[in-house]
Student: 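Pasting a structure here, questions to come.
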Amino acid sequence: MSDYIIETSGLTKSFKGFTAVNGVDLRIRRGAIHALIGPNGAGKTTCFNLITKFLEPSEGRILYKGEDITRMKPADIARLGMVRSFQISATFPHLTVLENVRVALQRPLGTAFFFWRSETSLDGLNDRAMQLLDEVGLAEFAGAQAASLSYGRKRALELATTVALDPEVLLLDEPTSGMGREDIERITSLIKRVAVNRTILMVEHNLSVVSELSDRITVLARGQILAEGSYLEVSSNPEVVDAYMGSGHA
Amino acid sequence: MKRTDINTAGGSPAQGPGRFNSSTILYLVLLALALVAPAVLYPIFLVKVLCVALFALAFNLLIGYGGLLSFGHAMFFGGASYITGHAMLVWGWPTELGILVGVVFSTLLGVVAGLIAIRRQGIYFAMVTLALAQMVYFIFLQMPFTGGEDGIQNVPRRAVFGFIDIANDTTLYYVVLTIFVFGFLFIYRTIHSPFGQVLKAIRENEDRATSLGYHTTRFKLLAFVLSAGLAGLAGATKVVVFQIATLTDVTWQMSGEVVLMTLVGGLGTVFGPVVGAAIIITMQDYLATFGEWVLVIQGVTFVIMVSLFRRGVVGEIAALINRVR
Amino acid sequence: MPDIVDRSVHDGRLALKVVDLNAWYGESHVLHGMSFDIREGEVVTLLGRNGAGKSTTMRSIMGMLPTRKGSIIFNGKEMISMPSHHIAREGIGYVPEERGIFSSLNVQENLELPPVLKKGGLSTQEVYVLFPALLERRNSQGTKLSGGEQQMLAIARILRTGVKFLLLDEPTEGLAPVIVQQIGGIIHTLKERGYTILLVEQNFRFASTVADRHYVVEDGKIVDRIMNADIASSTEKLRGYLGV
Amino acid sequence: QSPGISGDVVKIGVLNDRSSFQSDLAGVGSEVAARIAAAEVGNKVLGKPVEIIAADMQNKPDVATSIARSWFDTDGVDMIADNQLSSAALAVQELAKQRGKITISVSSATTRLNGDSCSPTGFKWSYDTHSAAAATASAVVKQGGKDWFFLTSDYTFGHTLEEQTSKVVVDLGGRVLGAARHPMGSSDFGSYLLTAQASGAKIIGLANGGTDTINSVKQGREFGLTAGGDVSFAGLAMFITDIHGIGLEAAQGMLLSTSFYWDRDEKSREFAKKFAAEMGRMPTMVHAGVYSGVRHYLRAVEAAGTDDGPTVAAKMKELPVDDLTIQGARIPQNGRVFHDMYLVRVKKPEESTGPWDYYDVIATIPAKDAFLSFEESGCKL
Amino acid sequence: MPMLFGQLTLGLINGAFYALLSLGLAVIFGLLNVVNFVHGTQYMLGALFAWMLLHYLGIPYWGALLLAPVGVGLVGAVIEVTLLRRLYSVDHLYGMLLTFGLVLIIEGFFRWLYGASGMPYSNPLPGGTNLGFMFAPNYRLWVVVFSVAVCFGVWYLIERTKLGSYLRAAIERPDLVQAFGINVPRMITLTYAFGAALAGLAGVLAAPIYQVNPLMGSNLIIVVFAVVVIGGMGSIMGAIVTGFGLGIIEGLTKMIYSEASNTIIFVIMAIVLLIKPAGLFGSQK
Ligand SMILES: Nc1ncnc2c1ncn2[C@@H]1O[C@H](COP(=O)(O)OP(=O)(O)OP(=O)(O)O)[C@@H](O)[C@H]1O
Ligand SMILES: Nc1ncnc2c1ncn2[C@@H]1O[C@H](COP(=O)(O)OP(=O)(O)OP(=O)(O)O)[C@@H](O)[C@H]1O
Ligand SMILES: [Mg+2]
Ligand SMILES: [Mg+2]
């Protein structure tokens, strides 16, 4: 079996004549933390949407563990163990924080269609849910409605929900954006912890987070791969500095 | 997008044993009241309330918990009543089989309509269901067996299981109450089930639910079909009670009425639809002697309701209790 | 609340003075007596942890919260009970967090939505020169833009209105470092042109490159005020407040 | 059979629609008509008071049946009058049959009430689909209107009217050149009128009702169909309130049949005067029918000495109907009152002396031509 | 053949009518997102006001054409300010319940006042023009010309001025649009009143051909909703084009299978929504 858990070849997406992603060959090594960076509008989120099949690719193929998933449905991708978070916070606003996490935890039980079964059958998941909330610093909000959380906390909740599925591959779209330092640190260490035995592909603009976490970095610009390598390699690439990092990071 | 002010008063999981007990007691008290009700109130009125309330409950399952506004639920309600009526009158089927065939019909219709409608969201979903219901209306209007505006008349009330004589109104009441309680428990369990949890999550944020690995359309379809089947159960039962099946029950106004009942009682609350149905049926039947003012009084009630008690009767009471706590 | 004596680097006119501001979301009391002020031409940031009440402060200033108490004086005028559109017309521009791009409008329509309130704003052409990425996407639906592009659009559309007092809620959130630099440059330019800016920032490093002063918000109150010049000596304190 | 008056009161319920399209032709007026009838006997029979109650069934059959049920079961109502909407009327009549109570249907037009669904205690006054068809058609054809086209409401009511009228027209040597079936509540009839015009028909039979009829006539005028006078509308189910709503300008020259016209004779004017004193307008044939039905019912109670349904019903069939609106009519076993109908032509505006002066009575249609006989009705009693 | 032409022309004429009627609803339902059940009633009020103006004040049709819509607009403004306004932040269903209540009240009141069979209103432009293949009533020709002019005017006002952007944005985030300095509440009141006035205008146009009665609008609303949805919510052009198109299709249906002429629109709606989820002219979210 190949070393790469995700491989794309010639991945392309155009919207009415505008090509957002253009022939991207991405290879994500099993067990790695792989960062996708690039200027705004480079096509990072679109890549995520393509890989998780929230968008249909215009061209190209996507392999997951060597298997072609180009024609699969998004929910099935998640079931294969590849779960994403969203760039703009996506919670279930009128469910409680605890329930938000539990919705993710309950999927592997396989009882999701059991309309005849009592929901107390889900109570067994509460401990695990609380543990996850604790890890992102939301334990004290467990009973609150997700809608009433501040923006940063919604992001944390979303991460907890994603991790709850215990996926093999996590795709995190700007996990720390909108967070305070303290939370960033907490989230960074959480990502580090969950990364054990998992593969993470993340989009992130916070370079200190990127440099701290990632094993490998792909830089996208205008829908194409501009550079790839370790943080050091990438950050010393003048093209990347020019297009993305700016003089402050050279 | 606007924030949806859907009340989740009855939707949150019962936390802790105390809460569970108090609500169990509440249900038992209500059941006891229902058992003695025919001594006080006219049984046929009660039976009608139960039938329509069951219809409203079915509708509420879809909107209150699935976030799907169907504007064509009359096709299941009225459709089942035609089928049941025909089966019992022309084919001479026994009551329980007649009701069953009505439910089967509406469930199958629910699958077909659901497969078509479920692909659209929000107002478009409502409009597709409306369109389908109008087509079903047209078909029933054109089919000879429905008797046009005369309807199917004189549907017999045959003894249930061959020995429970429902010609007697009080007996009939208990039979219908049994059906209603069955329907109610069914819905209650559905809402408070693992399925119900996912359904609520989908209502809240469908993309997110998909990304967690849920095939959201399948959940919505199942909710739609369950709701259609229960609406059919309500319609089939109503035929047995009133012994007629008419076009009125398949019109869009009927679809609209169930929306009103649910709102008046309290959207997304467990008891809301029941209370709403009771209020509207009471208005229709008891205010009928106010002559031409029935509808105006109804209108004034709606306006006041929306302006002052938006959460619906049950929703407002629940909010009041919460505040007192 | 520690008594904070105002010692501004600017001796310009007082632009905004907030005194004992309280605000509620429904029943929940979020701001507990905010007091601070900004002089004309200053760039001031509100720092604080998630949920401290920074965005709420901005929304209160804009009159977007139904219940608020206290006093908000802008250019000498009391605004606490003004409706939101009057506040805007007094000359305040607002860039909300989560950007507030309208999905039913395309980029150009989004850009041209806020009415021009004062002379001296950027023209649409100038905006496109400043943000070329928007020019390219000007006919696509507003919310189809990438996160960062949306942020640019949210800032750009306020610059068109010509108001000289801006409330920017996390303007660098989700932006590529180059763009963050660019925004820093824009803020500097605006400052030179005499704009007054209240900024909410999580990115402290960025804040320190543009701001004159910082207020620290905790639990809906101002708990400290730090001059940008004193920043080096205040790192300990800040670490305590923000976990920096 | 318990002689005497149940509950010491003769209770009459007037059940009809008071809130929607049909509320003018029946509605509150039916209650008023019933009261006029009761007042004629001093609101007392056999020394017991006559009480009249009324309810709005809102055009919903299940509301009608549940009101009827509770009237019979808990309120001691002895007779239900008017009984609108065929589905509701059939159900209420069946219910009354089971309970041994009397129904006097007036507004609902279906002949099934006295045909396959007839009841020993169910009566029908005034027009029905057969009278509308047969009376109007035979009279019109005799006047020379031989080439027909139908505007038919796509409802059993409309189909029945069309079918029965066509039969009469063809039997009398006329021709049916076509029909357009439109859904109930279509607002625009232009297309159908064009088709009608193209067919070359001289008589356009309106096998529809209410607003549809009104709109057909109004637009017929607009399209210049009826202006020349060579094409006429024949209203199969029209009431004087419809003419009032259309206005003579547009309605002039129409032919229609009615069981009552207020300005026909001294007696009808007397009833109309009493009615107008209450309602401020003239009664329709439905109002007259309710009045006549209630009047006859009270006379039968008096004669039978009881308000027991089957007994009274038998009495009603024995006695001739005789009141301000109908004189000397008989009621066969199926409960269909055999009274005369009238063919009227709508006046021109200049011929009319004022509101409600709308008709010229041009022929009297004897009952045997207007209604199905007991044998023809298909009633098995 | 002349028959077909006649029917097509007639369909077009009726379509003009649908277009005008859906226009007001497109403004209210499409732009304000209010499920305005009272729209049919506002149409009825237009016709009724025209009749009242004539009957009580002797003001003829041409005066009513201006005054009656203004009157209906004022009624609309009052409804918006006193009742509807508080419902924008909650689910649309509540607006529907409210406006449905208003339908019952207003219709009930006028039915009590004037009865259900209505009152005569005579044709201000009697006679007709022979088009060769058909006799076209003059009044209908006037309706077509006038509706087309009004439709175009409204389209221009909303699509070609900034009003449309303001409205669409205000539906998404009223608080934010207001924070940009736009008096959102007043704008919405005026828009609602304008939509109501358009319904009233359609009512005045209808008075000479359709029966003026208090219930004349009650069955219309559902069809007009369908027109707006098929056209694409929020699209003024969509409402206009669909209105005309529906008139023609309905006319053809009346020729071929007239029983289905009311149902055809729902068949079309279902098909359109399945193929183009946001309607013919709607932009997809
Ligand atoms: N559904 C869509 N329709 C049209 N254009 C789109 C769509 N989705 C994305 N785009 C365009 O594709 C380009 C890439 O967008 P994408 O969201 O992938 O950028 P990104 O790299 O994630 O940027 P950011 O870091 O700012 O989030 C952008 O220019 C965006 O406007
Ligand atoms: N719409 C709302 N309803 C109820 N409570 C809210 C709402 N928005 C915010 N809050 C609460 O108000 C408090 C202050 O929130 P605010 O958004 O002002 O924080 P913030 O300082 O901007 O945080 P962040 O950096 O995460 O954006 C938080 O406790 C939050 O949970
Ligand atoms: Mg992105
Ligand atoms: Mg904030």
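Convention: sequence-line order gives letters A, B, ...; per-chain numbering from 1.
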Student: Roughly how far, to the nearest 0.5 Å, is OH of E:Tyr121 from NZ of D:Lys218?
Tutor: 9.5 Å
Student: With a 4.5 angstrom heavy-atom cut-off, is it the side chain or the backbone of E:Ser218 that approaches chain D, or both, or neither?
Tutor: side chain
Student: Kindly give the heavy-atom pair with the smallest separation between D:Pro183 and E:Asn262, and that separation in Å.
Tutor: CB-ND2, 3.6 Å
Student: As a quick check of understanding, evaluate side chain to side chain contact (heavy atoms under 4.5 Å, CB included) for E:Met255 and D:Ser191, giving each step before the final call.
Tutor: CA-CA 8 Å; E:Met255 257 179 86; D:Ser191 303; over 6 Å; no
Student: Tell me, side chain or backbone of D:Arg221 under 4.5 Å from chain E's heavy atoms, or both, or neither?
Tutor: neither
Student: Given that the side chain runs from C-beta out, which part of D:Ile246 has a heavy atom under 4.5 Å from chain E: side chain, backbone, both or neither?
Tutor: backbone
Student: Below 4.5 Å, heavy atoms only, C-beta onward: do E:Arg140 and D:Glu222 meet side chain to side chain?
Tutor: yes
Student: For atom CD of D:Glu278, is the number of surrounding heavy atoms from other residues, nucleotides or ligands below 6.0 Å larger than 12?
Tutor: no
Student: Can you name the closest pair of heavy atoms from D:Tyr192 and E:Ser261 and give their distance?
Tutor: OH-OG, 3.5 Å
Student: Quiz question: by atom type and distance under 3.5 Å, do the side chains of E:Gln7 and D:Thr195 form a donor-acceptor pair?
Tutor: yes
Student: Could you pull out the closest heavy-atom pair between E:Ser117 and D:Thr241, with the gap in Å?
Tutor: OG-O, 3.5 Å
Student: Name all residues meeting the side chain to side chain contact (heavy atoms under 4.5 Å, CB included) criterion together with D:Val176; count only those two or more places apart in sequence or in a different chain, and write none if there are none.
Tutor: D:Phe150, D:Ser166, D:Val169, D:Val170
Student: Looking only at heavy atoms and a cut-off of under 4.5 Å, which of E:Pro120, E:Pro126, E:Ala260, E:Ser122 has the most pairs with chain D?
Tutor: E:Pro120
Student: Which bit of E:Leu215 comes within less than 4.5 Å of chain D, counting heavy atoms only: side chain, backbone, both or neither?
Tutor: both
Student: Just checking heavy atoms, which of residues 198-213 of chain E are less than 4.5 Å from chain D?
Tutor: E:Ala207, E:Pro208, E:Ile209, E:Tyr210, E:Gln211, E:Val212, E:Asn213
Student: What is the minimum heavy-atom distance between D:Asp188 and E:Lys254, and which atoms define it?
Tutor: O-NZ, 3.0 Å
Student: Under a 4.5 Å cutoff for heavy-atom pairs, which residue among D:Phe223, D:Phe239, D:Phe189 has the most contacts with chain E?
Tutor: D:Phe223
Student: For residues 39-59 of chain E, give me every residue with a non-hydrogen atom less than 4.5 Å from any non-hydrogen atom of chain D.
Tutor: none
Student: Quick check on E:Asn14 against chain D: is it the side chain, the backbone, both or neither that has a heavy atom closer than 4.5 Å?
Tutor: side chain
Student: Please name the pair of heavy atoms, one in E:Ala116 and one in D:Ser20, separated by the smallest distance, quoted to 0.1 Å.
Tutor: CB-O, 3.5 Å
Student: Going from CD on D:Gln219 to OH on E:Tyr139, what distance comes out if it is rounded to the nearest 0.5 angstrom?
Tutor: 11.5 Å
Student: For chain E, which residues from residues 21-28 of chain D lie under 4.5 Å away (heavy-atom distances)?
Tutor: D:Phe21, D:Ser23, D:Asp24
